[in-house]
Amino acid sequence: MSDADLRFWFDPVCPFAWMTSKWVRQVTRQRPYRVEWRLISLRLLNRHVDYDAQFPPEYEAGHTAGLRLLRVAARARAEHGPDVLDRLYAAMGARIFEAEQVRGEEQRGRKEFVEPILAEAGLPTSLADALDNESWDTEIQAETDEALRLTGKDVGTPILQFGPPAGPAFFGPVISRLPGDAEAGELWDHVVALARFPGFAELKRSLREQPQLPAFGVRPGEVGRQEDWHGGSRRQHR
């Protein structure tokens, strides 16, 4: 998609990527803003990390499920075109984060979880066969590496590139609350203004609220519990 205004790298199991994507979709409903969705794997990004030592117990299963879902996304794009990622990511995120019932992290990487998502996105459920097909990992790794070349390595998800292919890219913006429709575009314009300044590199704090999502038990109007995310994740330091 050569005429995109924004490239958005996502891992479907990242709640903060999902929150930012919801904000981006608000903006696209208000103005002619074109988004190219691209793939980045937290599991591949952290492939050299000792999960037992550095992450909470559920992280490895969650990141692995994310990689399995990205294999399905890569195959869907290959067989049905790049635009399919818009509705497939929307269906994945809704199933993972907008439902209040708690699911095991590993369940998200199974056929019985993915097939209803594919059906909702208007895609063949046979695409779920890609869950176990590691041949797609080469393509996912290449897009993960592409994002890191644009931002540097000490980042997480989402990664956004403004004015691709030559524009700047950053990790974030990370949000825990969704702006109202009236302020969504104005807030986004401030982000774009920062991105366009050639000397801008980072604006960050490690304290985050749990995102305002049913999967976290945080309802609209409520404020999630604040946590300290070291290096972009809830790493355990021992």
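Only heavy atoms go into these numbers, but all of them, side chains included; no hydrogens, no water, no symmetry mates.
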- Query: Ion pair present between R47 and D137, side-chain N to carboxylate O less than 4.0 angstrom?
  - Reply: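 No, this pair does not count.
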- Message: Less than 4.0 angstrom from a charged side-chain N to a carboxylate O is my criterion; do R34 and E36 meet it?
- Response: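 Not counted as a salt bridge, because no side-chain N and carboxylate O are separated by less than 4.0 Å.
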What distance do [X] atom [atom1] and [Y] atom [atom2] have between them, rounded to the nearest 0.5 Å?
X	Y	atom1	atom2	answer
K111	R68	NZ	CZ	10.0 Å
I175	L187	CD1	CG	7.5 Å
T151	K153	OG1	NZ	10.5 Å
L148	I40	CG	CD1	5.5 Å
F162	F8	CZ	CZ	10.0 Å
L45	L67	CG	CG	12.0 Å

- Of all pairs that satisfy ring-ring contact (aromatic ring centres under 6.0 Å, His included), the ones with a partner from residues 64-85, not counting sequence neighbours: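 Counting only pairs at least two positions apart or across chains, no ring-ring contact (aromatic ring centres under 6.0 Å, His included) contact touches residues 64-85.
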Closest contact, heavy atoms only, [X] versus [Y]:
X	Y	result
L118	P124	CD1-O, 3.7 Å
R87	G122	NH2-O, 4.1 Å
A195	P168	O-CG, 3.1 Å
W23	A184	NE1-O, 3.1 Å
L88	A121	CA-CB, 4.2 Å
P15	P211	CB-CG, 4.0 Å

Check: [X] side chain, [Y] main-chain N or O, donor-acceptor pair, under 3.5 Å:
X	Y	result
T125	E115	no
E98	G93	no
R77	P82	no
R71	A130	no
E143	L39	yes
W9	T157	no
E209	R177	no
Q161	P165	yes

Below 4.5 Å, heavy atoms only, C-beta onward: do [X] and [Y] meet side chain to side chain?
X	Y	result
L160	P173	yes
V72	L131	yes
W136	R75	yes
S21	Y89	yes
R7	E146	yes

- Task: For side-chain contact (heavy atoms from CB on, under 4.5 Å), just list the numbers for I96 and F113, CA-CA rounded to whole Å, side-chain angles, deciding distance to a tenth of an Å, and then say yes or no.
- Result: CA-CA 10 Å; I96 293 170; F113 181 79; 3.7 Å; yes
- Report the C-alpha distance between H63 and V49 in whole Å, list the side-chain angles of each, state the deciding distance to 0.1 Å, and finish with yes or no for side-chain contact (heavy atoms from CB on, under 4.5 Å). CA-CA 12 Å; H63 287 181; V49 171; over 6 Å; no
According to a 4.5 Å side-chain heavy-atom criterion applied to Ile, Leu, Val, Met, Phe, Trp and Tyr, with indirect links allowed, do [X] and [Y] form part of one hydrophobic cluster?
X	Y	result
L178	L6	yes
L70	V35	yes
F10	V114	yes
I117	L127	yes
L42	M92	no

- For R31, does the CZ atom sit with more than 12 other heavy atoms under 6.0 Å from it, leaving out its own atoms?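 More than 12 within 6.0 Å, yes.
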- Message: Would Y51 and T64 count as a side-chain contact (heavy atoms from CB on, under 4.5 Å) here? Give the steps.
- Response: CA-CA 11 Å; Y51 271 82; T64 300; over 6 Å; no
- Task: Given salt bridge (Lys or Arg N to Asp or Glu O under 4.0 Å), test D86 with R25 step by step and report yes or no.
- Result: CA-CA 10 Å; D86 179 65; R25 291 179 192 277; 2.8 Å; yes
- Query: What do the steps show when you test W18 against V13 for side-chain contact (heavy atoms from CB on, under 4.5 Å), and what is the final call?
  - Reply: CA-CA 8 Å; W18 176 243; V13 300; over 6 Å; no
- Q26 and W188: side-chain donor and acceptor closer than 3.5 Å?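 The criterion, which ignores hydrogens and geometry beyond distance, is not satisfied for W188 and Q26.
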- So which of D145, T138, T144 actually passes side-chain hydrogen bond (donor to acceptor under 3.5 Å, both in side chains) with Q141?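 So, applying the side-chain hydrogen bond (donor to acceptor under 3.5 Å, both in side chains) to Q141 and each of D145, T138, T144, only D145 qualifies.
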